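Okay, structure first, notes after.
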Amino acid sequence: MKKVTLKNGMKVIIGGVAISLSGLTFATETWDMPLAYSATNYHSVIAKEFAEQISEAQGEIEIVTHASGSLFKGGEIYGAVRKGLTPIGERLVSALSNESPVYSIDAIPFLATTFPASWDLYQASKPAMEDVLKKHRLKLLYSVPWPPQGLYANKPINSIADMKGLKFRAYNPATSTIAELMGAIPTKIEAAEVSQAFATGVAESMLSSGSTGYDQKLWEHVDYWYDVKAWLPKNMVFVNERAWKGLSPETQQIVLKASADAEKKGWAKAEELSNWYKTELSKNGMKVEYAGAKLTEELQGIGLKMTMDWLESSGSDGQKIIDTFKAK
Ligand code: PCA
């Protein structure tokens with residue numbers, strides 16, 4: 001996957017060693033950056049701008065994004081970067097809960113349900129996230145949220161009893177657990193395959209943002225989206241530590257600056273688009289409503305149970321994150 005292209009001049013290869021013919025010649029290494037979501041989704045658009053900003057500012061690396069799981073599927077990206085199969089990638093934090101309980105904090109129902117709260121939770125959990133990444137020889141570059149999570153269904157849902165037996169598309173361990181607690185039947189499906197799953201009847205319901213429903217044209221398959229505001233999960237972009245250490249300090253600074261810019265843009269964009277997505281779902285014929293009192297109360301009960309379970313599994317580290325978050 002590593003390609004070497006020439007910049008500024010000619011080069012000859014002798015016995016596998018590249019020799020520059022003009023004193024100024026250097027090679028640009030291509031960094032493939034796998035993404036799991038549609039090329040038109042704001043996460044992917046921002047990642048592409050991040051890649052271009054870096055590629056244009058120096059000559060060591062050229063970052064090329066690959067959307068929709070086309071290079072590595074969503075579920076493969078973290079492992080691929082960890083193993084150095086590719087130097088950089090993006091993954092949904094909470095989809096990595098099996099790697100560490102720290103990653104689960106990103107999808108605990110009703111812990112952080114607004115953009116400012118989600119930002120505070122990010123700041124409170126960032127040091128622990130960075131520790132886990134470091135253990136896996138990875139480095140966090142930036143993280144961007146999804147809009148609040150709501151419930152898609154092919155029929156009206158007034159209480160969790162209405163979810164009984166429904167096929168439920170899950171995207172992380174937390175959504176599988178919620179489905180089970182509701183009596184639905186979870187199947188893990190990547191966002192890129194959601195439309196097909198609903199079209200073929202493999203899925204009839206899911207918890208996700210208006211963003212993914214919009215990307216996947218869910219109105220072609222289901223009529224209801226309940227704005228539950230259960231949580232705002234985040235994607236994170238990370239780099240393999242060895243690849244990072246191979247960069248010059250100047251390029252590292254350029255990457256860090258582009259990361260900070262992408263993060264800032266991403267948080268603003270997610271919030272700006274949040275209502276726009278809802279309007280689009282409704283314009284395309286879906287009934288977009290707030291969850292009723294009974295459903296909300298029952299989901300909050302599930303959230304409480306999941307928070308307690310998480311605190312139990314994450315011990316004092318988890319409690320510390322929650323305390324820091326609550327103190328903000
Ligand atoms: N969309 C992604 C993750 C969270 C979201 O809003 C998905 O459905 O896979």
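Everything numeric in this text was worked out from a predicted model, so none of it was measured. Each ligand, and each atom within it, is numbered from 1 in the order the structure gives.
- Ring geometry for Tyr152 against Trp225 counts as tilted: the plane angle lies between 30° and 60°, on a 0 to 90° scale.
- At a 4.0 Å heavy-atom cut-off, ligand 1 touches Arg169 through the side chain alone.
- Using a 4.0 Å cut-off to heavy atoms of Ser208, the atoms of ligand 1 that qualify are 1 (N), 5 (C), 6 (O), 7 (C), 8 (O).
- Ranking the protein heavy atoms by distance from atom 2 (C) of ligand 1 puts Thr212 OG1, 3.4 Å first.
- Each of Ile160, Leu295, Asp162 was compared with Met182 under the side-chain contact (heavy atoms from CB on, under 4.5 Å) criterion, and only Ile160 meets it.
- Look at Pro233 and you'll find a heavy atom under 4.0 Å from some atom of ligand 1.
- The ligand atoms of ligand 1 that sit less than 4.0 angstrom from a heavy atom of Ala191 are 9 (O).
- Checking side-chain atoms of Gln319 against main-chain N and O of Gly315 turns up no donor-acceptor pair under 3.5 Å.
- Contact annotation for Gln149 and ligand 1: only side-chain heavy atoms (C-beta onward) come within less than 4.0 Å of the ligand.
- Checking Asn172 against Ser97 by side-chain atom types alone, no donor-acceptor pair falls below 3.5 Å.
- Ring orientation note: the planes of Phe238 and Tyr78 are nearly perpendicular, at an angle over 60° on the 30°/60° scale.
- The closest protein non-hydrogen atom to atom 6 (O) of ligand 1 is Ser209 OG, 2.5 Å.
- In this pair, Tyr122 and Trp119 present their aromatic rings perpendicular. The plane angle is above 60°, beyond the 30 to 60° band.
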